[in-house]
Amino acid sequence: MASRNPFSRILKTLEKPSGGEFGKYYSLPSLTDSRIDRLPLSIRILLESAIRNCDEFQVTSKDVEKILDWQKTSPKKVEIPFKPARVLLQDFTGVPTIVDLAGMRNAMHKLGGDPGKINPMVPVDLVIDHSVQVDVSRSENALQANMELELERNKERYSFLKWGANAFDNMLVVPPGAGIVHQVNLEYLARVVFNTDGILYSDTVFGTDSHTAMINGLGVAGWGVGGIEAEAAMLGQAMSMVLPGVVGFELFGSLKDGVMATDLVLTVAKMLRQHGVVGNFVEFYGKGISEISLPDRATIANMSPEYGATMGFFPVDHVTLQYLKLTGRSDDTISMIESYLRANKLFMDYSQPEGEMTFSSHLKLNLQDVDPCVSGPKRILILFSGVCRPHDQVLLKDMKADWHACLDNKVGFKGYGIPKEDQNKIVKFEFADIPARLKHGDIVIAAITSCTNTSNPSVMLHSGLLAKKACDLGLQVMKPWIKTSLGPGSRVVTKYLEKSGLLRYLQQLGFHIVGYGCTTCIGNSGDLDEPVASAIADNDIVAAAVLSENRNFEGRIHPLTRANYLASPIVVAYALAGTVDIDFETEPIGLTKNGMEIFLRDIWPSSEEVADIVQSNVLLDMFKSAYETITEGHPTWNNLHVPSSRLYEWDPKSTYIHEPPNLKDISMSPPGPHTVKEAYYLVLGDSITTDHISPGGNIHKDSPAAKYLMKLGVDRRDFNSYGSRRGNDEVMVRGTFANIRLVNKLLDGEVGPKTIHIPSGEKISVFDAAMRYKREGQDTIVLAGAEYGTGSARDWAAKGPKLMGVKAVIAKSFERIHRSNLVGMGIIPLCFQPGEDAETLELTGRERYTIDLPNDIREIKPGQGIMVKTDNRKSFKCTLRFDTEVELAYFDHGDILQYVIRSFIGSKQGNAPASPTEVSG
């Protein structure tokens, strides 16, 4: 029988202002607890969720009390359960998620359970946006050509996604060509407040992409998780999380003329990285917030992974309501949202006193102090050895000097080690029968892309105004080999660029629309023209990519663009200049036909100009017309064949979709904890990101994945990308640790996807070494520095190492999402003691390591000390980063998916809990 919710006494009716009622809600004020008024609004959302879901099984009254007592409990890092209201997927992460769900159904069937239990219990929205590549650019037919190529090369996986939409309940699949997942979420999918079966509650979301936090700008609490966590949430599991601290960030004043949202977010990111917010919420407050538009807020929230916070939260206020109206939400819906949030003390009203809210710590920023800036060339505000590198944010006026310093500096996060005598090297080649020249810092990719900026009309229209002013003066992109592109985040962007008349000026400079989706910023830039690629590769030229985006890890945008800059909307100006080696204050970006020098200041629009054009061109009807047909796909999509069975019929010959190997041979008995015996290092390195670990980008012709595909008869032109083949573990495991910019210390700093097979001393690919170790029955581990796993939320950054045979990762610290993914796959995460690392312990990487854990999971405690021993008699203590009892249960069962399956079947063996369905009735 279901347990009665002990808080049903505070279930109140919410009346409509015009009469009648919206529904019922769990009323926080009805608790009559004075602690609520001191809670940050983001914590109040966690509190309401715990109260509403309290069943004394997954969520207990004690959990509610922990949240109520947040001021005292959060510093103690207590554990609480959390159940999001919905799950958001994009296709790169969505395909393996649905592959796992399909595999779980098969496993349930094999074990005699009901496969129908493997079904989303909360709404799931999947937006197909990550598969479009910029194969064609600089032409009017680029959009149509890229769309056709996308649908052709992804036919099989798109059919699989359509099968999932039909086979699983509660799942919406948005066809390709609608836009970028985070922008579609902001403009259309987000509910802000749910009304389900007459119960009102706050919209909260888990997304399988680190920039899910963009929705925090709309007052929706959400953040990125790994695919395996998302699957558990979809299946009704309460996710265990450490009750976070909340950094209060006060904003006051207003931005200076000419300063943009991206300048503000880079400044905020720098301050938060310096302050240290990893694992915390950041909640913005203060009078200055009312001066920041909703899209600007979303830009700041989008960058949460870059400054290390779980989310950067902006409470709902009058600005939020205005945006909801602009984007087509109905008056009745907006009235419900405002009424509910006001009634539950979740609405920010600047006409009222700010109240008694307390925060874990505080920061302040006068918006007047923000200056124009960019970020690059290799990271956006990273942590290295625990020290913030705020100088990766570069003031625009210092850009040229910073670039020359990068050339001088030794190879690393901020340098290329180019000898002085080579820094002015010029490479001559021919491009379309035109004599061409290339030197260090020359731009080869200039892209306006990514949800960070395309969701912001002021940034997009600023880019258009910049292009218009340049064209009016006769400027053009003089170097035709620069690959220019425009990837709007939704069709609304095209509508207001067309209405304003600015789209044609962007096109005149080569920024033609190439697709509606996440293109260049995730490595889907397509190929460079062959003469350019050869000139770069053959002469070791440090070529640059400049783009409006949110990630600029080295090698992420394109394997040949070692210098990647986030610069929006000034990307247009850099395309005109053709190089990052320019001082915009003293050097012209181009010449008119009569030879007059034009400087950036001559074409830079004022804030007033931008505001006026936004006001007159971004209209309600644009959002309504763009989204009323969002589920209507391209004819090719609509005609895709979809199997009708509820169990997926796996095709063993498929190179896209493959049955998950960890679910094929599942038994009813949990395997229990594993130890690590005499393990070798597979990879030894510092600042290893998910880009270094997870397969991404194009499949290199000489890689293990390419050899595997060719062996199966796949032509090289049909390789597609790793992201598109995420549903096939055979391809993905071969692409793990295959990034060409991986620096493995086992190779004495040599760059590339190789390692040393220690017993033989051979230098081979990481995959080949891992497979050799597995055949020889030898365990492997990864040894890393600080912030291991920084970057996008990628479940394959954990799945790949697991399938390689990696048993543990020892690091100075872990990025939040990636540590959780490692746990979900049953890989042991360990942290060195403070002040210790591989270098201080004089570890060479050629030792063999033993990590002893008890065989009984009940003898292992979250965060306990674990001794690690080497074969040369060294030993050192590490902290076990299983942070909660639930995470230990995942480890006991082998991984989170096996845990959920045994939970649904109702196994009483080991530590598997009773089925949630049985408990709740």
Side-chain angles (χ1 to χ4, degrees), residues 88-94 125-132 134 174 176-190 205 207-218 220 222-224 260-262 265-266 269 293-306 311-312 314 323 327 375 380 447-463 485-494 496-497 513-525 547-552 556-557 566-569 571 618 623 626-627 630 723 791-793:
L88 181 71
L89 308 172
Q90 39 96 331
D91 57 304
F92 272 14
T93 52
D125 302 314
L126 190 157
V127 180
I128 300 177
D129 71 325
H130 272 49
S131 296
V132 57
V134 188
V174 176
I180 301 174
V181 57
H182 307 304
Q183 186 164 343
V184 173
N185 190 26
L186 189 76
E187 295 176 350
Y188 176 72
L189 294 172
V205 59
T208 53
D209 189 290
S210 55
H211 291 102
T212 300
M214 179 170 169
I215 203 62
N216 305 157
L218 196 66
V220 174
W223 53 88
M260 300 164 299
T262 43
V265 73
L266 290 175
S293 71
L294 198 291
D296 285 359
R297 298 177 186 190
T299 303
I300 295 170
N302 183 288
M303 289 292 195
S304 295
E306 275 69 35
M311 67 174 183
F314 288 83
Y323 182 81
T327 51
S375 176
I380 171 169
I448 302 173
T449 180
S450 140
C451 55
T452 314
N453 296 289
T454 61
S455 61
N456 196 322
S458 65
V459 174
M460 299 304 290
L461 289 168
H462 194 131
S463 300
S485 63
L486 169 59
S490 79
R491 293 188 177 271
V492 178
V493 177
T494 302
Y496 63 66
L497 282 175
I513 294 176
V514 294
Y516 293 95
C518 205
T519 54
T520 307
C521 68
I522 60 162
N524 283 4
S525 59
L547 61 162
S548 348
E549 63 105 20
N550 46 30
R551 285 280 164 82
N552 54 351
R556 176 189 176 97
I557 308 310
L566 187 162
S568 169
V571 58
V618 182
F623 291 91
Y627 287 111
I630 191 172
S792 297

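Given the structure is predicted, the values throughout are model-derived calculations rather than measurements.
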For Tyr323, give me all partners under ring-ring contact (aromatic ring centres under 6.0 Å, His included), at least two apart in sequence or on another chain.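 By the ring-ring contact (aromatic ring centres under 6.0 Å, His included) rule, Tyr323 matches no residue at all.
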
[X] and [Y]: side-chain donor and acceptor closer than 3.5 Å?
X	Y	answer
Ser131	Asp91	yes
Thr520	Ser525	no
Gln90	Asp209	yes
Ser490	Gln183	yes

Looking only at non-hydrogen atoms, find the nearest pair between Ala301 and Asn216 and report the distance.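 So the minimum-distance heavy-atom pair works out to CB-CB, 3.8 Å.
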
Spatial distance of atom [atom1] ([X]) from atom [atom2] ([Y]) [nearest 0.5 Å]:
X	Y	atom1	atom2	result
Thr449	Ile180	OG1	CD1	5.0 Å
Tyr188	Thr327	OH	OG1	11.5 Å
Ile513	Leu497	CD1	CG	7.0 Å
Asn524	Phe92	CG	CZ	5.0 Å

Determine, stepwise, if the pair Val181 / Thr212 fulfils side chain to side chain contact (heavy atoms under 4.5 Å, CB included). CA-CA 9 Å; Val181 57; Thr212 300; over 6 Å; no

Could you tell me which residues satisfy side-chain hydrogen bond (donor to acceptor under 3.5 Å, both in side chains) with Asn456, sequence neighbours excluded, listed by chain and number?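 Result, side-chain hydrogen bond (donor to acceptor under 3.5 Å, both in side chains) vs Asn456: Asp296, Thr299, Ser458.
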
So His211 and His182, would you call those rings parallel, tilted or perpendicular, with 30° and 60° as cut-offs?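 It falls in the perpendicular class, over 60°.
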
